[in-house]
Each structure stands twice: as C-alpha cells, then as structure tokens.
Number of protein chains: 4
Amino acid sequence: MSVGTRERILKAAKEEFSRRGYYRTQISHIVERAGVARGTFYLYFKGKEELFKELLLKTVSELRELIKPVELSRDPKEQVRENLERILRYALENEELARIVLFRACEPELSGPVREFLNSIVKLTEDSLKKGIKMGLLKEHDPHAVARAVVGAVKETVAGLIEEGGDPKELSEKLLSFSVGGLWRD
Amino acid sequence: MSVGTRERILKAAKEEFSRRGYYRTQISHIVERAGVARGTFYLYFKGKEELFKELLLKTVSELRELIKPVELSRDPKEQVRENLERILRYALENEELARIVLFRACEPELSGPVREFLNSIVKLTEDSLKKGIKMGLLKEHDPHAVARAVVGAVKETVAGLIEEGGDPKELSEKLLSFSVGGLWRD
Amino acid sequence: MSVGTRERILKAAKEEFSRRGYYRTQISHIVERAGVARGTFYLYFKGKEELFKELLLKTVSELRELIKPVELSRDPKEQVRENLERILRYALENEELARIVLFRACEPELSGPVREFLNSIVKLTEDSLKKGIKMGLLKEHDPHAVARAVVGAVKETVAGLIEEGGDPKELSEKLLSFSVGGLWRD
Amino acid sequence: MSVGTRERILKAAKEEFSRRGYYRTQISHIVERAGVARGTFYLYFKGKEELFKELLLKTVSELRELIKPVELSRDPKEQVRENLERILRYALENEELARIVLFRACEPELSGPVREFLNSIVKLTEDSLKKGIKMGLLKEHDPHAVARAVVGAVKETVAGLIEEGGDPKELSEKLLSFSVGGLWRD
DNA sequence: AATGAATGAGTGTTCATTCAT
DNA sequence: TATGAATGAACACTCATTCAT
C-alpha cells in the first residue's frame with residue numbers, strides 16, 4: 001500500500017480535530033474518515049488524547065525547526081523576516097495543524113505543549129530584543145512586554161493568513177515593517 | 001440572603017470554566033462550588049451551554065463598552081492608550097472571564113461570539129488606521145494586516161497580564177509606544 | 001371565595017391529565033393552571049399519584065351510581081337503555097374524567113380501579129344475561145363472553161361519543177337495538 | 001450466537017413494556033433482562049421511544065395483514081369469523097404485543113399508530129356494514145355507531161382472551177353469533 | 001494486521017416533593 | 001392557609017475503549 005494506515009488515521013484526525021475541536025471529534029469520526037475499523041485506531045494510538053498531543057507536539061517541533069537563529073554576518077531584519085515567512089508558509093501549507101494549535105488546543109490539559117512553545121518563543125524574542133538593545137540597534141523598550149506583543153502580532157497574522165488567505169512573503173514584510181518602524185509617521 | 005443564588009452559581013461557573021474549560025467542567029463541579037443542589041442550577045440557567053454563552057456574551061459586551069471612540073478634540077494616542085488601559089484593567093479585575101474568553105472559548109460551536117468580537121475590533125482598528133493614514137498621521141501600511149497585528153499584540157499583552165501580572169497603565173504605555181514608534185532606533 | 005382552592009386544583013388536574021396523560025402531566029402544569037403555588041398543591045393532596053387515583057375512584061364510583069338495577073316491574077330493555085343513556089350523558093358532561101378513565105389510565109399501578117370497575121360491570125352484565133337466559137328472554141349465549149363483548153361495545157361507544165360527539169339518547173337506542181337484535185336481517 | 005442481540009433486546013423490551021408500561025420501563029430493565037450492556041441497546045435502537053413505536057407499528061401492521069377482505073364467492077359470515085379468529089389467535093400468540101397495544105399505549109404522544117389503526121378498522125367495518133345493508137343482508141342500523149360497537153366488542157374480547165385465556169375459534173364463533181343474531185330470543 | 005460488536009462509566013437534565021417564611 | 005426557592009434521586013443517552021475472531 002502506498003500510504004500506511006497510521007498516516008491515514010493521522011490525516012483524518014488532523015481534519016476532524018481542526019474542524020470540530022478535540023471534544024466534538026469522536027473516534028468514530030476519525031476512523032470513518034480514515035476508512036478503517038474502530039479497533040484499528042487502537043493498534044496505532046494509545047487513545048484520543050495521546051493522538052491529539054502527538055499532533056500538537058509534532059507541529060510545535062516542526063515550527064521550532066523553522067526558526068533559525070539570527071547570524072551576525074547578515075542583515076538581522078532580513079533574517080527575522082525569513083523566519084516569519086517560513087512560519088507563515090508552514091501555516092499555509094499545514095492549515096489543519098495550524099488551526100489545531102491556534103484555535104483548538106484550549107483545554108488546560110491539552111494546551112500544555114502549545115503554551116510552552118509560545119513561552120519559549122516569547123523568551124527567544126525577548127533575548128533577541130535585549131541583544132538588539134544592547135547593540136544599540138533597538139529602542140529601549142521593556143523587552144518582555146514587547147516580546148509578548150510581537151509574538152501576539154505574529155500569532156494573529158498567522159490566524160489571519162489561515163482565515164483569509166494571503167501571501168506569506170508579503171505578510172512577513174508588512175509585519176516586519178510594522179514592528180520595526182511602528183505606525184507613526186513622525 | 002446577602003448574595004443571590006444566581007450570583008453564587010455564576011461565580012462558581014466562572015471559576016470552574018476558567019480553570020477547566022467548557023468540556024471538563026461538570027455541572028456537579030459548579031453546583032458543589034456554589035454550594036447549591038443540582039436542580040437549583042436549572043432554576044436559573046437553561047443548561048451548561050447557555051450559561052457558558054451567557055458568560056461569553058456578557059464579557060464581550062462589557063469589553064465593547066470599554067472602548068470609546070477617539071475624539072478629534074484630544075490627543076488620539078492618549079485616547080487609544082486609555083482604551084488599552086481600560087481593557088487591561090478589566091481583564092485584571094475579571095481574570096476568570098478574561099481567561100475564558102482568551103483561552104477557553106475554542107470549540108467552534110462556542111467561540112462564535114468571541115470571534116465576532118475580535119473581528120469587529122480588527123475592523124474598528126483597521127478603520128482608525130485608514131483614517132490616521134488619510135490624515136497623514138500614520139505611515140502608509142496595509143491597514144488590515146497591521147490591524148490584525150495590533151489586535152494580536154493587545155490580546156497577547158492581556159494574556160501576559162493575566163498570567164504574570166503587571167500594571168495596566170504601564171503596560172498600556174509600553175504597548176502604545178511599541179505600536180506607535182516601532183522597535184528600530186533609527 | 002366562591003370556589004375552593006382544592007376544587008381549583010382538581011379541575012386543573014382533570015384538564016391536564018385528560019390532555020397529556022399521567023406521566024406527561026407535571027405538577028407545575030396543574031398548579032399553573034389552577035393559579036396556586038407549588039406548595040399549595042401538597043396542602044390538599046399527598047402527591048401526584050394520590051390525586052390521579054382520587055380522580056379515577058371518584059369517577060368510577062359516580063359511574064357505578066348511575067347504573068340502576070333492572071326492576072321486574074318495568075320493561076327491562078328500556079331500563080337497560082336508560083342505564084346506557086345515563087352513562088353516555090355522564091361521559092359527555094364529564095368529558096375530561098371520561099377521557100382519563102378510558103384513555104389515560106394505562107400504567108398497571110394506576111389502572112387498578114378502572115380494571116376492577118370494568119370487571120364488576122362485566123360480572124353484572126353476565127349475571128343479568130344469565131337471568132335473562134333463565135327467564136327465556138335471551139338466547140343461550142355464553143354469558144361471560146357476551147358480557148365482555150357488550151361492555152366493549154359500550155366502552156367504544158362512549159369513546160366515540162367523546163371523540164366525535166353525538167346524542168346520548170339516540171346512541172343508547174342504537175346500541176341497545178344492535179345488542180338486542182343483532183345485525184342480520186333474517 | 002443462535003439468536004441475535006437485536007432480537008434479544010426486542011424480546012426483553014416487549015416483556016418489560018407489557019408488564020410495566022412505557023414510562024415505568026427503564027432502559028436498565030430492558031438491558032438487564034436481555035443480558036446486554038447499556039450501550040448495546042443504543043447500537044440497535046435510537047432510543048426508548050423509537051423502540052416502543054417500532055413495536056406498536058410492527059404489531060398494527062401485522063394485525064392489518066390478518067384482516068382479509070370479504071369475498072363475494074364465499075359465505076361472508078364465515079369470512080368475518082375467520083378474520084376474528086386470526087386476530088384472536090395472533091393476540092394469544094403475541095400476548096405481550098397485544099397487551100402493549102391494548103393497554104399500554106395510552107399516552108397521547110405514543111398512541112397515535114394504535115388510534116389510527118382502530119379508526120381504520122372502524123371505517124372498514126362501517127363500509128362492510130353499509131354494503132351489507134345495501135345488499136339487504138343486514139338490518140338498517142346506523143353503520144358508524146354500530147361499527148364502533150362491533151370494534152369495541154372485538155377489542156374487549158381480545159382483552160378477555162389475554163387476561164383469562166380461551167379458544168380463539170370458539171370465541172370467534174360466540175362473538176359472531178352475538179353480533180349477527182343479537183341477544184333477544186324473539 | 002484488521003475488524004466491529006460489545007462494554008459501562010460517566011453526565012446533563014428533569015421533576016415530584018419539601019420546608020422555611 | 002399560602003408561598004416558591006431549593007432539593008436530590010432518578011434516568012436516558014454518549015462515547016472512548018476493549019477483545020474475541
């Protein structure tokens with residue numbers, strides 16, 4: 001068989017979870033969509049919760065790999081923009097996973113990996129901001145508060161991309177331009 | 001009785017929903033916390049879903065009232081900052097409601113009012129940006145993309161305030177300063 | 001007050017039970033229709049079941065009183081017809097009670113009084129038939145089987161009167177004529 | 001397995017419904033009697049009400065098939081008697097179903113199919129009576145009133161057969177003889 | 001590896017009844 | 001007498017999981 005049973009179930013689960021959320025998605029929805037029997041599901045996954053967490057962990061780990069550390073040898077703004085673009089592109093190409101991470105992981109017991117990921121991104125951003133400030137490149141903002149704001153701006157941009165479509169490259173440029181230059185003309 | 005039964009149930013429900021989310025919260029959790037009998041719950045609320053929606057609708061409607069339109073007679077930046085401060089203060093004083101709206105309203109059937117609210121705020125922001133651009137006050141950004149980014153920044157700042165604490169006034173200033181002036185020194 | 005609270009409740013209960021049946025009728029239906037508070041109901045009745053049984057017992061006892069023993073000094077057929085007419089008239093004037101007894105007393109624990117009443121009427125009819133046979137007035141039918149048939153014919157005629165209306169006197173004549181003379185012309 | 005799960009549940013349901021009536025019968029009664037788990041019930045039936053209605057519909061449809069139209073080529077009385085016998089025999093062989101239809105289908109929302117069936121039988125009887133009158137075989141009775149009476153007599157005879165036992169053939173003869181010839185000797 | 005019938009703990013909701021006022 | 005807020009036992013139905021085949 002060209003595509004394994006496990007992959008069929010994973011694909012079906014992504015679709016169902018992203019449409020219905022964790023609690024409204026039933027095992028029967030998943031196995032029907034995957035075209036396998038109920039029992040087969042439990043040959044590949046310990047249960048519904050484990051499967052959901054696996055999807056979350058896989059996604060945040062892939063997202064993490066998309067974020068490359070900024071090197072001093074190249075323009076840092078461009079590198080940040082590339083990171084943004086990669087994330088936006090990933091969300092566009094993995095819409096269901098992005099939807100699950102952004103909108104469907106809200107019960108406390110399930111959202112742990114996502115919250116950790118976001119916190120680590122906030123931390124990463126904060127450290128970069130601190131570095132930029134120290135190097136004199138950035139204004140003297142409160143790095144933590146601004147890091148949260150920036151991460152929030154990115155999250156919402158990703159959400160917008162998923163809901164309304166758009167071009168990852170352009171959006172990354174707009175987001176960067178706003179973050180870097182602010183709104184005010186003067 | 002100094003405090004009504006309905007209020008006791010509402011308070012307990014806010015606490016439970018904000019801690020456990022909609023699906024993990026059972027009626028028995030709510031009535032036990034409220035110190036009333038199971039049947040009493042149904043004297044005041046049609047059911048679990050209705051109660052949850054009531055909490056969501058009440059919150060977004062209160063949030064909406066906190067946002068005052070910007071008047072031309074005063075400094076617009078200060079008015080925007082006041083709006084931000086009011087929202088942050090509300091979230092701090094109504095932590096449970098804020099947590100429910102931000103983190104616990106994610107199942108598609110329940111999150112409708114919240115999504116509508118956020119979309120309306122994005123629209124409002126977008127219109128303000130357009131006006132500011134037309135008046136020459138703001139740079140020529142894509143108003144829609146930037147509006148999403150700004151709303152995302154606010155959302156995440158609210159989330160940070162709830163999770164880590166902070167001062168609404170200071171945070172509103174930091175948020176405004178970042179949005180207005182951007183990160184870059186030059 | 002011209003009409004007592006107890007009577008108001010009884011009246012409301014008759015209406016509700018006859019429309020909805022025992023299980024679909026709730027105490028709240030009865031007290032709302034009666035215009036009294038929930039608690040008041042329990043000042044006058046021990047509970048829902050007791051009230052229902054009271055209605056049944058009252059009705060069958062009133063029905064019983066309508067059936068006069070046949071005297072030898074007058075035409076027996078006319079006396080039977082008068083009994084029938086009285087029963088039909090009672091059903092027409094007490095439609096709700098009749099409906100309850102005929103259609104709404106079907107759960108085993110509730111229908112006891114009605115079944116006993118019907119059995120006693122079958123017995124009464126049977127005895128009359130036996131007497132009539134002994135006196136040479138009636139054909140030599142199986143008295144028990146025929147008594148059931150006759151009682152069934154009366155029951156269904158009462159039901160028809162309630163559902164479709166009609167004149168008690170005429171119906172009693174038709175019923176008697178059928179029972180006495182049968183269908184066959186020859 | 002020699003007998004299917006669905007049949008086991010149906011059998012148990014017939015027994016419980018016929019003994020306790022619709023509302024007093026709990027799903028737990030049915031599944032315990034059937035020897036299956038609670039959830040198994042819902043694999044085969046949508047719910048308690050649907051199952052009850054299925055039993056009613058099945059029974060009235062089977063009863064309907066037992067009633068053969070009277071042909072002109074044979075003695076009409078004998079054909080009517082055969083119809084009666086078939087119905088009585090069915091009731092005897094399907095005591096639980098007969099008991100449900102006769103005694104347990106009394107709540108307005110549930111009794112619809114039974115009422116329709118009885119009305120159609122009254123109509124059928126009425127039409128036959130009219131034909132008989134037109135052909136000069138029967139006396140000039142009010143066909144509708146007499147049809148109700150006849151159907152009532154049959155119903156009660158069925159009830160008596162179930163409660164007290166008896167021979168379908170003999171009972172059909174007695175019932176016919178009473179209906180055809182009446183009670184009066186002269 | 002795959003099936004799908006069977007399981008049973010869990011949960012939202014109802015409604016007759018009580019009791020403090 | 002009358003009230004009506006409060007009670008809590010009861011019940012239908014769901015659905016993740018198991019297991020014999």
Side-chain angles (χ1 to χ4, degrees), chain A residues 1 4-6 8-9 22-32 34-52, chain B residues 1 4-6 8-9 23-32 34-51, chain C residues 1 4-6 8-9 22-32 34-52, chain D residues 1 4-6 8-9 23-32 34-51:
Chain A
M1 65 202 70
T5 303
R6 192 174 204 279
R8 295 248 300 286
I9 296 172
Y22 179 76
Y23 280 100
R24 296 284 224 222
T25 295
Q26 298 172 17
I27 299 298
S28 61
H29 296 144
I30 296 174
V31 295
E32 270 159 36
V36 301
R38 267 170 125 72
T40 308
F41 177 90
Y42 291 91
L43 293 177
Y44 293 95
F45 301 95
K46 224 179 130 212
K48 182 176 160 181
E49 188 163 335
E50 198 222 35
L51 167 55
F52 191 77
Chain B
M1 69 204 70
T5 304
R6 191 186 151 91
R8 294 247 300 286
I9 296 171
Y23 280 101
R24 297 280 231 232
T25 295
Q26 299 169 18
I27 299 299
S28 62
H29 296 144
I30 295 174
V31 295
E32 271 159 35
V36 299
R38 209 155 246 265
T40 306
F41 177 90
Y42 292 92
L43 291 179
Y44 295 96
F45 301 97
K46 234 180 119 205
K48 183 177 159 180
E49 187 164 337
E50 198 225 30
L51 168 54
Chain C
M1 67 203 68
T5 304
R6 191 173 206 278
R8 296 249 300 286
I9 296 172
Y22 179 77
Y23 280 99
R24 296 284 225 222
T25 295
Q26 299 171 16
I27 299 298
S28 62
H29 296 144
I30 296 174
V31 296
E32 270 160 35
V36 299
R38 269 171 125 71
T40 307
F41 177 89
Y42 291 91
L43 293 178
Y44 293 95
F45 300 96
K46 226 180 128 211
K48 181 177 162 180
E49 190 163 334
E50 199 224 31
L51 167 55
F52 191 77
Chain D
M1 70 203 72
T5 303
R6 191 186 149 92
R8 295 249 299 285
I9 296 171
Y23 281 101
R24 297 281 230 233
T25 296
Q26 299 170 18
I27 299 299
S28 61
H29 295 145
I30 296 174
V31 295
E32 271 159 35
V36 299
R38 210 154 247 268
T40 307
F41 177 90
Y42 293 92
L43 290 179
Y44 294 95
F45 301 96
K46 234 180 122 206
K48 184 176 156 180
E49 187 165 337
E50 198 222 30
L51 168 53

* Sequence-distant partners of C/Y23, side chain to side chain donor-acceptor pair (under 3.5 Å), two or more places apart -> D/R24
* Structure fact -> Hits for side-chain contact (heavy atoms from CB on, under 4.5 Å) against B/Y44, two or more places apart or cross-chain, chain-then-number order -> B/T5, B/R6, B/I9, B/T40
Grab the [atom1]-[atom2] distance between [X] and [N] for me, whole Å please.
X: A/E32; N: E/dT3; atom1: CD; atom2: P; value: 13 Å
X: D/R8; N: E/dA5; atom1: CZ; atom2: P; value: 15 Å
X: B/K48; N: E/dT11; atom1: NZ; atom2: P; value: 9 Å

* Asked: Is there any salt bridge (Lys or Arg N to Asp or Glu O under 4.0 Å) pair reaching into residues 35-51 of chain D, and which pairs are they, with sequence neighbours excluded?
  -> D/E49-D/K53
* **Side-chain touch D/L51/D/F41, heavy atoms, less than 4.5 angstrom** => yes
* Asked: Among residues 23-31 of chain A, which residues get a heavy atom nearer than 4.0 Å to DNA chain E?
  -> none
* To do: Between C/G35 and D/E49, just flag the one whose closest nucleotide in DNA chain F comes earlier from the 5' side.
  =>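 Counting from the 5' end, the first nearest nucleotide belongs to C/G35.
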* Of all of residues 36-46 of chain C, which get a heavy atom below 4.0 angstrom from DNA chain F, listed by number? ->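 Within this stretch, C/V36, C/A37, C/R38, C/G39, C/T40, C/L43, C/Y44 sit under 4.0 Å of the strand.
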* State, to the nearest 10°, the angle formed by the axis through the first five base pairs of the helix from E/dA2-F/dT21 to E/dT21-F/dA2 and the axis through its last five. =>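 The end-segment axes of the helix from E/dA2-F/dT21 to E/dT21-F/dA2 are tilted 10° relative to each other.
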* Under 4.0 Å between a side-chain N or O of C/T5 and OP1 or OP2 of F/dA2? ->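 C/T5 to F/dA2 OP1/OP2: side-chain N or O found under 4.0 Å.
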